Structure formats: C-alpha cells, structure tokens
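Only a predicted model underlies this, so the values are computations on that prediction, with no experimental measurement involved. Note on naming: letters A, B, ... go to the chains in the order of the sequence lines (proteins, then strands), and numbering restarts at 1 for each one.
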Amino acid sequence: MTPGHLKLFDTMTRSKRPFEPLEPGEVKMYVCGPTVYGDPHIGNFKSFISADLLRRWLEYRGYDVVMIMNITDIDDKTIRDSAKAGEAIKEFTQRYTRSFLRGLDLLNIRRATAYPRATEYIPQMITFIQALLDKGVAYVTGDGVYFDIDKFPDYGRLSGVDLTQTQSTERMAKDEYDKESAQDFALWKKSTPEELARSEKEQGLAWDSPWGEGRPGWHIECSVMTRDLLGDTLDIHAGGEDLVFPHHTNEIAQSETLTGKQFVRYWVHIRHLMINGKKMSKSLGNYIGFDEVLAKYSSDAFRYFYLGTQYRRPLDYTDDAMKSAEGSVKRLENTLDLLEAACKASNTNLDLGPRERKLLDEVERHRSAFEAAMDDDLDSHTALDSLHAMSGAINDYLTATPNKGVTLRAYNTYRRLLDALGLFEKRGGGADKLTEDLIKTLIDLRNHFRKEKNYKSADEIRNRLASLGVILADNAEGTNWKIEK
RNA sequence: GCCGGGUUGGCUGAGCGGUUUAGGCGGCUGCCUGCAGAGCAGCUCUACGGGGGUUCGAAUCCCUCGCCCGGCUCCA
C-alpha cells in the first residue's frame with residue numbers, strides 16, 4: 001500500500017487534487033450525518049454509503065482513519081415533528097437515531113469512530129459563540145445571535161456563489177428573523193414562548209446561555225464537534241451536495257474566524273439520488289425507505305446499485321436499475337462461491353503451468369486497474385468493470401481442475417477488493433461443526449442415491465435442504481454447499 | 001433570473017476526434033449436468049435529445065434549442 005496516489009475532487013478548488021493528509025498516514029474525516037426527525041430514506045444512504053466507500057478506500061490504501069459523523073437532534077424539524085407526534089423530543093430523536101443505525105447495519109455501512117449528538121455539545125457551543133462575539137464578528141438581537149458574514153472576506157468561496165449577484169428569493173424576502181443582513185446566519189436561536197412552555201416539562205429543548213434560553217443554530221454543531229474530536233483542521237469533510245451552501249459555507253466562516261486556520265483540506269460532496277428521473281421529495285411523495293427496498297432486493301444489490309455510478313454523477317433509482325444490479329452482483333458473488341468451494345476442495349493439480357500463470361497475470365492486471373480507478377476520485381463504476389473482468393478470468397480458470405495454492409492467491413485478491421467495496425460481508429456459512437457434518441452426511445447420502453439413479457430421493461434431499469436455506473450445487477469434483485442468508 | 005451538472009442501444013452504464021463503436025444485466029443457442037443451479041462458448045442488441053456548424057472524419061469540438069437534476073438560508 002503506498003498512500004499518496006489517491007486523488008479526490010475538492011469542492012473548494014473545483015479540481016481533483018492528490019490526497020495528502022496533514023499527518024502522514026492518518027486521516028481525520030468528518031461526515032455530515034442525519035437530522036433524526038424521521039426514518040432515513042434511500043437518498044440519505046447514498047451519502048452514507050459513499051462516505052463509507054471513501055473511508056474503506058483510505059483504509060485499503062493504508063491510512064489510519066478517524067471518522068466522525070454527527071447526529072442532529074435539535075433543530076426546527078425535530079421540535080416541530082416531536083410535538084406533532086405528541087412525544088418528548090428526546091424519545092423522538094432517540095427512536096429515529098436507532099432507525100438510522102439499523103439502516104447502517106443492514107446496508108453494511110461500517111460504523112464511524114463516533115456519532116456525537118448536538119445536544120451533548122451545548123456548553124462547548126456556547127463557548128464557541130461567545131468567542132465569536134468577543135471577536136466582534138457576531139451580534140445579539142432580540143431573537144438570537146447572528147454571524148455577520150461581512151466580517152468574513154472569503155465568504156461563499158466554497159459554493160462559488162457571488163452573494164452580491166444573488167437575486168433575493170421569495171424565501172429570503174419572507175425571512176422573519178431579526179437580522180442586520182438577510183444573509184447573516186444564526187449561531188443561537190432564542191426559544192419561542194411555545195418552546196419555553198414545553199421545555200418546562202421536558203429536557204432537550206432549551207438551554208441557558210448568556211443570551212437567554214435557547215438552542216443552537218444549525219451550523220454551529222459541526223464547527224464545535226469537529227474541533228473537539230478532530231482538532232482545528234480536518235483532512236476530509238464530506239456530505240450531500242445540498243450542504244455546500246449554506247451549511248458548509250457557514251461552518252467555514254465560523255471555524256476559520258475562530259481558529260485562524262484552514263478548516264478543511266478536502267471538501268467532498270456527494271450527488272443526490274433521483275427516483276424515476278425525478279428528484280426525490282416529500283412533496284412528490286416519492287421517498288422510499290430502505291426497508292421497502294430490502295424487501296425486494298438484497299443489501300448487496302442495493303450497495304452495488306450505488307457503486308455502479310461514481311459518487312459525483314447522477315444516479316436514478318428505478319426498478320430496472322435495481323434488477324440489473326441484482327443480476328450483476330449475483331454474478332460477482334457466484335465467483336466468490338466458486339472460489340470458496342475450490343479452496344475447500346481437495347485436488348491434485350500442483351502445477352504452475354500456462355493456465356495458472358495466465359490467471360495470476362490477469363488477476364494482477366485487473367487488481368491494478370481496480371486500484372487506479374478507485375484512486376481516481378473513487379471511480380467505483382470503473383472499478384466494478386475490473387472486478388467483473390477478474391471474475392470472468394477466475395471463472396474461466398475454475399472450469400478445469402485448479403491448483404489450490406493459485407486459487408487461494410486469486411481468492412485473497414478478489415476478497416480484498418470486495419471488502420474495499422463492502423460487498424458480500426454477510427455471507428452464509430458460519431455453520432458450526434456439527435451442522436457442517438450433518439450437511440456433509442446428507443450430501444453423501446444423496447450422492448449415494450444419485451449413484452443408484454434414485455433421483456427422486458436425491459432431489460428430495462436437495463429440495464428439503466433448500467427449504468432450510470442450504471443450497472447444494474453439483475459439479476465434476478463433487479457437491480458444493482452453502483447456507484443462504 | 002443567476003450558477004453548476006446531465007441527456008448514449010430492451011435496461012444499466014463507459015467512451016470525451018479516427019483500431020472490435022466497452023463492461024454488466026436481460027434475451028437466444030450450444031457445451032456441461034440424471035435434473036437443477038453455477039460456469040464456459042457463441043449469438044443477439046449498432047445507440048448516441050433536436051437542429052445547425054468545424055473537420056478528410058464527431059457520440060466525442062463549437063453554436064443553438066429542448067428536457068432532466070442540483071444550488072441560490074436550514075433538504076443527505
């Protein structure tokens with residue numbers, strides 16, 4: 001593993017840049033996580049899977065990655081919807097946090113190092129905001145504390161939006177907040193009378209501060225939590241494309257004003273998912289939850305679907321696309337089945353002949369192409385091409401009696417690349433010794449029936465095992481089995 | 001209105017001036033198999049949103065029009 005070849009597209013410079021962390025060999029990575037006010041949908045998970053892919057690839061490349069993902073559990077929507085549900089905000093957000101974590105596990109998304117929640121960082125936020133006030137870049141009004149963007153000369157550079165040219169939108173015109181400039185953003189919001197009334201009965205809604213009871217603005221949590229957990233400068237900050245402006249733009253203004261240091265070295269933004277050619281939105285009623293998808297397709301197919309397109313390119317969720325992904329991923333998994341079976345089987349091919357050399361050459365060649373693709377701003381689509389090519393070469397090799405040692409080499413490489421993509425982590429198997437022996441006994445019995453041409457009994461054994469999730473497959477060398485998940 | 005991304009065969013999705021116009025899925029045929037599954041071999045599928053232009057030659061460059069997606073203050 002030679003770190004240093006990876007190139008990432010950085011939103012700030014709008015270009016692919018060679019990735020180099022501040023500390024050699026270590027990556028400090030922060031990903032904007034969910035606001036827990038409802039069950040996450042498959043669009044949210046595109047960001048999380050892409051971030052997971054980046055993290056896995058950095059680890060493949062030998063970096064030690066610390067990854068933090070925030071959970072926003074206090075904001076307008078959590079307040080509004082918990083009230084609507086007639087539930088205490090804390091219970092409400094905890095419920096949806098669990099739902100989010102469940103989704104991560106179902107989709108083989110590796111857990112981040114930590115998931116800090118906004119409500120656990122209120123004292124640090126207050127300190128942070130006070131420091132900004134002391135620097136004279138923020139001001140207090142009747143309804144909150146605001147950051148004065150005129151005090152940050154570089155404001156808006158990330159998004160490329162020239163704010164002096166921006167047309168005032170209807171939303172901005174209707175802005176009810178008490179700000180000096182429409183574009184200033186809230187650091188702290190004073191509680192409304194309704195919120196105060198509610199907070200007498202439950203916690204997690206309002207906190208004391210030098211500016212009165214209230215709650216944090218949206219952007220401050222990320223600036224505070226990144227600093228606390230990762231330091232002043234992050235190597236990578238990732239999130240959905242919608243966060244470029246205003247969220248990340250405002251984070252930069254806050255953090256860099258406070259620390260005087262570069263906040264983030266590489267900004268990674270992930271393109272949103274579409275559905276049937278349309279944007280996914282609540283108003284169109286076309287939001288889909290991951291449970292709905294997993295009821296029809298495997299989690300590997302779902303992951304493959306996301307991997308089938310580079311993370312900055314548009315991706316459209318359709319039934320056809322999912323079916324196609326299911327077929328493609330099955331093909332890759334079949335190769336894994338064949339490899340595992342070949343590694344278990346006993347055979348007498350001990351040669352390193354032309355077939356073996358050819359296989360090893362091809363495996364190397366495709367591995368190298370895979371790595372080059374992933375190094376090129378995580379081009380998972382091209383990487384999958386190499387994986388399919390490798391799969392074909394392996395299948396071809398396994399049509400004749402393989403050399404077990406050579407097979408093992410191919411397996412190790414193939415498996416490592418699959419791990420980098422997060423595919424087929426939850427494999428069947430995992431049977432205990434007794435179960436394994438019982439299955440083998442039944443296979444022997446069945447093969448005995450087959451030899452006697454008693455196919456009725458042989459098929460009954462196969463069918464009944466299949467109904468238990470144990471799949472048998474005959475080949476020239478014998479019978480392979482696996483347990484389906 | 002402004003800024004950015006996209007528009008490719010039955011589906012998915014590369015190509016970014018000219019060798020076979022990828023790969024995968026699907027479909028078909030053959031091999032293998034008692035059958036099934038998987039695999040292998042072969043075939044099918046000749047497309048580039050519309051209209052102009054540049055060029056010996058364009059999906060690929062330029063112009064123009066259309067459509068889709070995102071951002072323009074709280075949506076991953």
Side-chain angles (χ1 to χ4, degrees), chain A residues 14 31-35 40-51 72 75-77 156 159-163 165-169 171-172 174-175 177 179 182-186 189 217-219 238-247 249-250 269-274 277-282 304-305 308-310 312-316 318-335 337-338 341 379 381-382 384-389 391-392 394-400 449-451 453-456 458-459 462-463 466 471-476 480:
Chain A
R14 283 155 203 276
V31 184
C32 276
T35 301
H41 56 74
I42 58 174
N44 301 120
F45 280 108
K46 180 167 188 280
S47 294
F48 305 145
I49 285 182
S50 297
T72 302
D75 80 321
D76 291 347
K77 294 187 298 295
S159 60
V161 173
D162 181 355
L163 290 169
Q165 296 296 313
T166 303
Q167 182 183 314
S168 201
T169 61
R171 241 152 125 191
M172 282 166 67
K174 280 202 295 196
D175 199 324
Y177 295 113
K179 297 185 271 188
Q183 284 153 352
D184 290 348
F185 60 90
K189 293 180 169 188
W218 177 33
H219 319 293
E241 61 178 338
D242 57 315
L243 298 176
V244 174
F245 188 89
H247 186 51
T249 296
N250 292 348
H269 289 103
I270 298 140
R271 193 81 146 80
H272 275 191
L273 181 69
M274 293 192 290
K278 296 273 176 230
K279 103 187 209 186
M280 202 187 271
S281 80
K282 276 185 178 159
Y304 186 100
F305 164 70
T309 306
Q310 200 260 357
R312 287 191 294 116
R313 307 213 46 172
L315 179 62
D316 190 16
T318 62
D319 234 36
D320 278 338
M322 284 304 299
K323 281 182 192 146
S324 180
E326 189 79 80
S328 298
V329 83
K330 191 75 178 48
R331 221 169 130 72
L332 292 179
E333 187 170 21
N334 288 337
T335 295
D337 286 342
L338 290 173
D379 187 352
H381 178 271
T382 305
L384 284 174
D385 284 351
S386 303
L387 207 55
H388 276 288
S391 154
I394 291 168
N395 291 341
D396 192 25
Y397 177 69
L398 294 179
T399 54
F449 284 134
R450 289 175 72 206
K451 225 172 244 169
K453 299 204 191 301
N454 180 354
Y455 294 123
K456 199 171 167 237
D459 286 351
R462 185 171 64 194
N463 292 339
I471 308 301
L472 304 188
D474 302 318
N475 62 40
N480 298 141

Asks: List every contact pair, protein side and nucleotides 20-23 of chain B side both N or O, where the distance is under 3.5 Å.
Replies:
| from | atom 1 | to | atom 2 | distance (Å) |
| --- | --- | --- | --- | --- |
| B/A22 | N1 | A/D385 | OD2 | 3.2 |

Asks: Compare the minimum distances between each of B/G34, B/G39, B/A76 and the side chain of A/N44, then state the nucleotide with the smallest one.
Replies: B/A76
Asks: Give A/D459 one of three labels, base, sugar-phosphate or nothing, depending on what nucleic acid heavy atoms sit under 4.0 Å from its own.
Replies: base
Asks: Give the ring-plane orientation class for A/H247 versus A/H219, where under 30° counts as parallel, over 60° as perpendicular and anything between as tilted.
Replies: tilted
Asks: Pull out every stem in RNA chain B, meaning runs of 3 or more consecutive Watson-Crick or G-U wobble pairs with both distances under 3.5 Å.
Replies: B:1-7 with B:66-72, B:10-12 with B:23-25, B:26-31 with B:39-44, B:49-53 with B:61-65
Asks: B/C75 C1' sits how many Å from A/I270 CD1, rounded?
Replies: 14 Å
Asks: May I ask you to say what A/N334 touches in the nucleic acid, namely base, sugar-phosphate or nothing, with a heavy-atom cut-off under 4.0 Å?
Replies: sugar-phosphate
Asks: Among B/A36, B/A76, B/G71, which is the nearest nucleotide to the side chain of A/R462?
Replies: B/A36
Asks: How long is the line joining NE2 of A/H269 and C1' of B/G71, in whole Å?
Replies: 11 Å
Asks: Between B/G37 atom P and A/L398 atom CG, what is the distance in whole Å?
Replies: 20 Å
Asks: Round to the nearest Å and state the distance from A/D320 atom CG to B/G9 atom C1'.
Replies: 14 Å
Asks: Checking A/R271 now: which residues fulfil side chain to side chain donor-acceptor pair (under 3.5 Å) with it, not counting sequence neighbours?
Replies: none
Asks: Under 4.0 Å, heavy atoms only, any strand: does A/G43 hit a base, just the sugar-phosphate, or nothing?
Replies: base
Asks: Looking at side-chain heavy atoms only, is the closest gap between A/N395 and A/L338 below 4.5 Å?
Replies: yes
Asks: Is there a donor-acceptor pair closer than 3.5 Å between any side-chain N or O of A/S159 and the backbone N or O of A/G156?
Replies: yes
Asks: Expressed in angstrom and rounded to an integer, what is the separation of A/N475 atom CG from B/A36 atom P?
Replies: 16 Å
Asks: Nearest to the side chain of A/F245 - B/G37, B/U12, B/G71?
Replies: B/G71
Asks: Can you tell me whether the side chain of A/D474 and the base of B/C35 have a donor-acceptor pair closer than 3.5 Å?
Replies: yes
Asks: From the options B/A76, B/G24, B/A38, select the nucleotide whose nearest atom is closest to the side chain of A/S328.
Replies: B/G24
Asks: Students often get this wrong, so: under 4.0 angstrom with heavy atoms, is A/S50 touching a base, only sugar-phosphate, or nothing?
Replies: nothing
Asks: Can you sort out the partners of A/H272 under ring pair (Phe, Tyr, Trp, His ring centres under 6.0 Å), two or more places apart, ordered by chain and number?
Replies: none
Asks: Which nucleotide, B/C35, B/A76, B/U7, lies nearest any side-chain atom of A/R313?
Replies: B/U7
Asks: Looking for any heavy atom pair under 4.0 Å, which part of the strands does A/I471 touch: base, sugar-phosphate only, or nothing?
Replies: nothing
Asks: Taking only nitrogen or oxygen atoms into account, show me every contact under 3.5 Å that the protein makes with nucleotides 40-44 of chain B, one pair per line with its distance.
Replies:
| from | atom 1 | to | atom 2 | distance (Å) |
| --- | --- | --- | --- | --- |
| B/C40 | OP1 | A/N395 | ND2 | 3.3 |

Asks: Between A/G327 and A/Y455, which has a closest nucleotide on RNA chain B that is more 5'?
Replies: A/G327
Asks: Counting side-chain heavy atoms from C-beta on, which of B/C35, B/A76, B/G6 comes nearest to A/S47?
Replies: B/A76
Asks: Find the distance A/K330:NZ to B/U12:C1' and express it as a whole number of Å.
Replies: 19 Å
Asks: Please determine if a side-chain N or O atom of A/S159 lies less than 4.0 Å away from the OP1 or OP2 oxygen of B/G71.
Replies: no
Asks: Would you mind telling me which of B/C35, B/A76, B/C75 lies closest to the side-chain atoms of A/P246?
Replies: B/C75
Asks: For A/N475 and A/N480, test the side chains for any donor-to-acceptor distance below 3.5 angstrom and give the result as yes or no.
Replies: yes
Asks: In whole Å, I'd like the distance from the CD atom of A/Q310 to the P atom of B/G6.
Replies: 11 Å
Asks: With heavy atoms under 4.0 Å as the rule, sort A/L315 into base, sugar-phosphate or nothing.
Replies: sugar-phosphate
Asks: Polar atom pairs between nucleotides 66-69 of chain B and protein, under 3.5 Å, N or O only, would you list them?
Replies:
| from | atom 1 | to | atom 2 | distance (Å) |
| --- | --- | --- | --- | --- |
| B/C68 | O2' | A/G277 | O | 3.2 |
| B/C69 | O2' | A/R271 | NH1 | 3.4 |

Asks: Return whichever of A/A186 or A/D379 has its heavy-atom-nearest nucleotide of RNA chain B closer to the 5' end.
Replies: A/D379
Asks: Check the side chains of A/N44 and A/H41 for a donor-acceptor pair under 3.5 angstrom, ignoring hydrogens and angles.
Replies: yes
Asks: In whole Å, I'd like the distance from the CG atom of A/D75 to the P atom of B/C75.
Replies: 7 Å
